[in-house]
Amino acid sequence: MYNFRKIENKWQERWEKEETFKAKDDFSKPKFYGLVEFPYPSGAGMHVGHIKAYSGLDVIARLRRMQGYNVLFPIGFDAFGLPTENYAIKTKTHPRIVTDKNIENFTKQMKKVGFAFDYSRTIDTTQESYYKWTQWIFLKMFEHNLAFRDKTLVNYCPSCKVVLSNEDSQGGKCDICHNEIIQKEKDVWYLRITDYSEKLLEGLKDVDYLPNIKLQQENWIGKSNGAFVWFDLTNTSDKLKIYTTRPDTLFGVTFMVIAPEHPLIEKNKDKILNMDEINVYREVTRKKTEFERIELNKEKTGVKIDGILAINPVNGKEIPIYVSDYVMLGYGTGAIMAVPAHDSRDYEMARKFNIDIIPVIDGDISYEAYTEDGKMINSGFLNGIDNKKEAIEKMIAYLEENKIGKRAVQYKMKDWAFNRQRYWGEPIPIIYCDNCGMVAVPYDELPLKLPEIKNYEPGTNGESPLAKIPEFVNCVCPKCGKNAKRETDTMPQWAGSSWYFLRYIDPFNDKELADYDKLKYWLPVDWYNGGMEHVTRHVIYSRFWHHFLYDIGVVPTKEPYAKRTAQGLILGPDGDKMSKSKGNVIDPNDIVDSYGADTLRAYVLFMGEYSKESPWNDDAIKGVSRFLDKVYNLKDKVNDKLEYSKNLEIIINKTIKKVSEDYEAMKFNTAISALMQLTSSYAECDEITKADYLVLLQLLCPIAPHITEELNELLGNKQMLVDSKFPVYDASKVLDEEIEIAVQINGKLRDTIKVKKDATKEEVLALAYESDNIKRHLENKKVVKEIVVLGRIVNIVAKDA
RNA sequence: GCCUGAGUGGCGGAAUAGGUAGACGCACAGGACUUAAAAUCCUGCGAGAUUCAACCCUCGUGUCGGUUCAAGUCCGACCUUAGGCACCA
């Protein structure tokens, strides 16, 4: 094996000394901004997943540099967060110390793998000079009424003593400690991301994200078109406002359902005859988490309200109202019109409570709801229409004309719960004053620093540890000068990661978040790669912040990322997700030590399709290692005096084409295959030219930068390979003179023939008929059709004579 | 339940627009080199039938149908599996 240790150390030192990958603000050159999701610097160090994520874009960044772009490829650390804090609680070590140690370790490891990062721009979200601007953005949002407090039922983790967003508590369990969460009423900070629903949806039209990523974003926003309808009630002057996507089925409404928390109940409690029964049901519901309400409650439950009926505005029918937990207060209006004939949930509910089912669309409803399209029946003025869209439009027009409803759009996305009762996060820069209410910390007092603290455990009542420090809590109101108290909650980890890519552009600016001209040059991020698990939350949160910053004139683009891709997971050798408990974790350090960084990089890119998950295989690394050895050993075949080798011309051009196209599509596995084949072709020659060898090195350089730089130097080249021009193929030299094509009879392969690349249809056919095997198969048969696809295939259709 | 992927040799995986299924790699087997081993190099490697052997032939990309001269690829139904979302009205 070649001496990878010596070679890799040498080039890593040289890159560092010469600041090879330091991005320059040279506005005259075309730019490329490549971004990878910055890591959380955990104590465990780097994971092979990080290697795959960074290697992929490292290839692209080096490629773009070789194509003449001014490249920015930065790295940093998303260092606030719970694991560090929990570690601090356990070991009584300050999170600052733990964080610094972990960052140092990560940096050392990343350098050993030879990523072309610009380390001079490294930022970490816990630096005061960084979170000053995170707080600044928050205050701007507060100023624009996008940060607000609200009393709501929240997901509360009794163990972590923190409030969690819905996204953090999926499965009814705390994302961090995995204990059960409960519902608790609390004052919560929200960011009004819902104000940006439409913009975030619209913006997707202008970006190049992988289709499934785009789809996930769309689903998260969850736009639906429908209508509000107001139902009159008996016994009360109140009206019941509902939201529906199917106003066309209004004639089929046989009952209404409202959420147990619906204010109508409390307001009309003196008119409801079975308040006790309803209260019991509401109490049961209250104890359920949102997850349980939607996930475990397969069997419909509910209570019919006695004393109040609803009146269907289109036909005047009086219908019952039920309270049921399958309707959520947080979506739509917290009340629905139920059409059991054409909605499966309503159908179940009607079956359980023996409610009428009236079909309004012609179809079979004997076993289940009919949810397909069809002809309208039992529907007054809609009868006979068999187009859903037309029926909906006609109904909306009717509703609006009679002022009993109107067209409406709803979004699934909810506002973003933004506070945590934790120490290791950005303090929320707000002051509570008895006189003035909520007051922002003045901008010139930012950053509002995290105070030194001895005990990191949360307060007893679910309060932040900061609440226990009087020197922090007690302050003076910036407005009136009277004594006041500070907000003691901190921001979630997503805050810092929502804008970090902006700071890389101008990391040392202490006047503003980043210089506008620099932002104008570098934005948008041209290519952002990261994990599939972040494509909904992180990407949408950071897009939201970016849209906001655009609206207030801080950044020059609406969208932050022009292109987003995601890499697939590396599974353990057993095919399961890697985890400490399963003991199937692969440590990248071990691989670097025994095979070298180039082999590790090439292997993670070779193991399968980049965007898909594939299991780790210790044996398979050998194949990649052997390949690099072969490339290395080829150096002995180079003959300086040899000038031209025509026999390799075609395969070289083919390979350049294949590799260039594959890199763009992140099909690194097939690019490496092609390079392996080129290497084999070289190995078959007695000698190769310098130029031919250089092409191989250049094509391989983005994947295996150390060994290729070394070999380039051995060739006598002074200029670094990464500064050379990436090869371009000659389109006239990618096809062999003679190509092999298949000859089929009735679709079955019977022979292959060699033809000239520009052979005509007649020539090809003539050759095909000359084949003995073809002749034999055509005996006693009559040819009825001949299909020739030039360059590909001949198919002769023959019947028994 | 809904949405989105995926299902191809012993294994990881290839296969622009339908056009020679199994590239490339691993493992395995045989051979060369070696005192020997490792390393390296060469050859073979989907299953089956037949044959001294080769050619040749049959079957084969989760299952069942369909479209087509031709289907891993397109269409329909289903099964398995991964991820995401969720009584979202």
Side-chain angles (χ1 to χ4, degrees), chain A residues 1 167 170 211-213 215-216 218-220 222 224 226-227 242-247 249 257 290-291 293-300 324-328 330-339 343-346 348-349 410-414 532-533 535-536 568-569 571 573 575 577 603 606-609 611-624 626-627 629-630 633 658 661 665 667 669-677 680 683 740-753 772-773 776-777 784-789 791-798:
Chain A
M1 213 191 291
E167 300 104 73
Q170 288 177 12
N212 52 335
I213 296 178
L215 204 68
Q216 282 203 44
E218 280 166 11
N219 289 345
W220 190 268
S224 80
I242 61 100
Y243 173 72
T244 179
T245 52
R246 296 296 304 276
T249 60
V257 186
E290 183 172 353
F291 184 81
R293 282 174 66 170
I294 59 190
E295 172 71 22
L296 303 176
N297 190 19
K298 295 289 179 203
E299 178 92 338
K300 293 280 171 295
S324 178
D325 62 9
Y326 79 90
V327 171
M328 302 287 141
Y331 185 80
T333 61
I336 62 158
M337 60 178 217
V339 187
D343 180 288
S344 28
R345 289 153 313 176
D346 300 345
E348 275 176 54
M349 185 80 181
Q410 290 286 299
Y411 300 91
K412 201 153 87 177
M413 186 164 63
K414 295 170 188 168
M532 205 60 204
E533 69 275 18
V535 300
T536 32
L569 235 51
L571 305 172
K577 230 178 185 171
Y603 175 63
F606 182 65
M607 56 197 300
E609 195 181 304
S611 63
K612 287 197 197 130
E613 56 182 31
S614 33
W616 183 269
N617 182 344
D618 268 322
D619 283 333
I621 304 167
K622 281 184 212 155
V624 176
R626 281 176 198 154
F627 160 58
D629 262 333
K630 282 177 201 165
N633 292 334
K658 174 83 181 147
E661 287 169 0
K667 291 169 87 172
N669 53 340
T670 48
I672 293 169
S673 295
L675 290 169
M676 284 172 168
Q677 286 174 68
S680 297
E740 197 184 58
I741 68 169
V743 183
Q744 299 179 332
I745 293 175
N746 294 336
K748 284 196 174 158
L749 179 71
R750 294 305 178 191
D751 203 0
T752 57
I753 52 171
D772 290 340
N773 211 33
R776 200 154 47 78
H777 277 277
V784 288
K785 202 172 177 185
E786 292 160 337
I787 290 144
V788 179
V789 182
R792 285 202 179 268
I793 204 160
V794 175
N795 190 12
I796 298 165
V797 185

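Below, read A as the first sequence line, B as the second, and so on, with proteins coming before strands; counting in each chain starts at 1. Note that the coordinates shown come from a computational prediction; the quantities given were computed from them, not determined experimentally.
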For this session: Please report the shortest heavy-atom distance between Lys658(A) and Ala674(A), naming the atom on each side.
Result: CG-CB, 3.7 Å
Seminar exercise, completed: Regarding the side chain of Arg750(A), the nearest nucleotide among U58(B), C56(B), C69(B) is U58(B)
Problem set entry | Main-chain N/O of Gly222(A) paired with Asn219(A) side-chain donor or acceptor, under 3.5 Å | no
Problem set entry | Nearest listed nucleotide, side chain of Pro615(A), among G12(B), C85(B), A89(B) | G12(B)
For this session: Assign Lys658(A) to base, sugar-phosphate, or nothing according to its heavy-atom contacts below 4.0 angstrom with the strands shown.
Result: nothing
Exercise. Which listed nucleotide (A82(B), A89(B), G19(B)) is nearest to the side chain of Glu613(A)?
Worked result: A82(B)
For this session: Check every strand shown and say whether Glu609(A) touches a base, only sugar-phosphate, or nothing at a heavy-atom separation below 4.0 Å.
Result: sugar-phosphate
Problem set entry | Heavy-atom pair of closest approach, residues Ile672(A) and Phe606(A) | CG2-CD1, 3.6 Å
Exercise. Asp346(A) near the nucleic acid: base, sugar-phosphate alone, or nothing, with a heavy-atom cut-off under 4.0 Å?
Worked result: nothing
Exercise. What integer number of Å spans the C1' atoms of A23(B) and G13(B)?
Worked result: 10 Å
Exercise. G18(B) and A71(B): how far apart are their P atoms, nearest whole angstrom?
Worked result: 13 Å
Problem set entry | Whole-Å distance separating the CD atom of Gln744(A) from the P atom of C57(B) | 13 Å
Check residues 743-753 of chain A and write down every donor-acceptor pair under 3.5 Å in which the side-chain atom is one partner and the other belongs to a residue at least two apart or another chain.
{"from": "Asn746(A)", "atom 1": "OD1", "to": "Ala798(A)", "atom 2": "N", "distance (Å)": "2.9"}
{"from": "Asn746(A)", "atom 1": "ND2", "to": "Ala798(A)", "atom 2": "O", "distance (Å)": "3.2"}
{"from": "Asp751(A)", "atom 1": "OD2", "to": "Ser771(A)", "atom 2": "OG", "distance (Å)": "2.6"}

Problem set entry | Nucleotide-level pairing of RNA chain B, given in dot-bracket where Watson-Crick and G-U pairs need both distances under 3.5 Å and | marks other strands | (((((((..(((......[....))).(((((.......))))).(((........)))..(((((..]....))))))))))))....
For this session: Taking atom P in both A89(B) and U16(B), compute the distance separating them and give it to the nearest angstrom.
Result: 38 Å
Exercise. Hey, does Thr752(A) reach any base, or is it just sugar-phosphate, or nothing, if we go heavy atoms under 4.0 Å?
Worked result: base
Exercise. Reckon Glu661(A) touches a base, only the sugar-phosphate, or nothing at all at heavy-atom distances under 4.0 Å?
Worked result: nothing
For this session: Please figure out whether Asp751(A) or Gly334(A) has its closest RNA chain B nucleotide nearer the 5' end.
Result: Asp751(A)
Exercise. Looking at His777(A), does any N or O in its side chain come under 4.0 Å of the phosphate oxygens OP1/OP2 on C57(B)?
Worked result: yes
Exercise. Where the side chain of Arg776(A) is defined as all heavy atoms beyond and including C-beta, which of C56(B), A89(B), G12(B) is the nearest nucleotide?
Worked result: C56(B)
Exercise. Is there a side-chain polar atom (N or O) of Asn773(A) under 4.0 Å from OP1 or OP2 of C57(B)?
Worked result: yes
Exercise. When we call it a touch if two heavy atoms are under 4.0 Å apart, what does Val789(A) touch: a base, just sugar-phosphate, or nothing?
Worked result: base
Problem set entry | Distance between P atoms of C26(B) and U40(B) (Å, rounded) | 9 Å
For this session: Sticking with atom P, work out how far G72(B) lies from G22(B), rounded to a whole angstrom.
Result: 12 Å
Problem set entry | Of Ile672(A) and Met1(A), the one whose closest RNA chain B nucleotide lies more 5' | Ile672(A)
For this session: Pull up the glycosidic torsion of G9(B) and say syn or anti, syn being anything within 90° of 0.
Result: syn
So which protein nitrogen or oxygen atoms get under 3.5 Å of nucleotides 25-28 of chain B's nitrogens or oxygens?
{"from": "C26(B)", "atom 1": "OP1", "to": "Arg626(A)", "atom 2": "NH1", "distance (Å)": "2.4"}

Problem set entry | Interatomic spacing from NZ in Lys630(A) to OG in Ser680(A) - rounded to 0.5 Å | 5.5 Å
Seminar exercise, completed: Whole-Å distance, Glu218(A) CD to C3(B) P, equals 15 Å
For this session: Take Met337(A) and Thr249(A) through the side chain to side chain contact (heavy atoms under 4.5 Å, CB included) test and state the conclusion after the steps.
Result: CA-CA 10 Å; Met337(A) 60 178 217; Thr249(A) 60; 3.7 Å; yes
For this session: Report yes or no: do Tyr411(A) and Ser224(A) form a side-chain donor-acceptor pair below 3.5 Å?
Result: no
Problem set entry | Phosphate OP1/OP2 of A15(B): any Lys667(A) side-chain N/O under 4.0 Å | yes
Problem set entry | Any donor-acceptor N or O pair under 3.5 Å, side chains Asn617(A), Tyr603(A) | no
Problem set entry | C28(B) versus A38(B) - spacing of their P atoms, nearest Å | 11 Å
Problem set entry | From C57(B), C85(B), A23(B), nucleotide with atom closest to Ser673(A) side chain | A23(B)
Exercise. Taking the side chain of Lys748(A) as its heavy atoms from C-beta onward, which of U58(B), A82(B), A89(B) lies nearest to it?
Worked result: U58(B)
For this session: Whole angstrom is fine here: how far is it from NZ in Lys412(A) over to C1' in C2(B)?
Result: 9 Å
Seminar exercise, completed: Rounded to whole Å, the CD-P distance (Glu740(A) to A21(B)) equals 12 Å
Exercise. Of the candidate nucleotides A70(B), U20(B), U58(B), which contains the atom at the shortest distance from the side chain of Leu749(A)?
Worked result: U20(B)
Exercise. Are any of Arg792(A)'s side-chain N or O atoms less than 4.0 Å away from OP1 or OP2 of G18(B)?
Worked result: no
Problem set entry | Heavy-atom closest contact (Tyr326(A) atom, Met349(A) atom, distance) | CE2-SD, 3.7 Å
Problem set entry | Rounded P spacing from U80(B) to U63(B) in Å | 15 Å
For this session: In whole angstrom, give me the gap between the P atoms of A17(B) and A6(B).
Result: 13 Å
Problem set entry | Spatial distance of atom CD (Glu613(A)) from atom CE (Met607(A)) [nearest 0.5 Å] | 10.5 Å
For this session: In whole angstrom, give the distance that lies between atom CD of Glu786(A) and atom C1' of G19(B).
Result: 17 Å
Exercise. Charged N to carboxylate O below 4.0 Å: is that the case for Arg626(A) and Asp629(A)?
Worked result: no
For this session: Could you state the atom-to-atom distance from NZ of Lys612(A) to P of U8(B) in whole Å?
Result: 11 Å
For this session: Pick base, sugar-phosphate or nothing for Asn669(A), based on heavy-atom distances below 4.0 Å to the nucleic acid.
Result: sugar-phosphate
For this session: Looking only at non-hydrogen atoms, find the nearest pair between Val257(A) and Ala338(A) and report the distance.
Result: CG2-CB, 4.4 Å
Exercise. With a 4.5 Å limit on heavy-atom distance, are the side chains of Met413(A) and Trp220(A) in contact?
Worked result: yes
Problem set entry | Rounded interatomic separation in angstrom, taking CE from Met328(A) and P from C88(B) | 9 Å
Exercise. Separation of Ile745(A) atom CD1 from C69(B) atom P, in whole Å?
Worked result: 17 Å
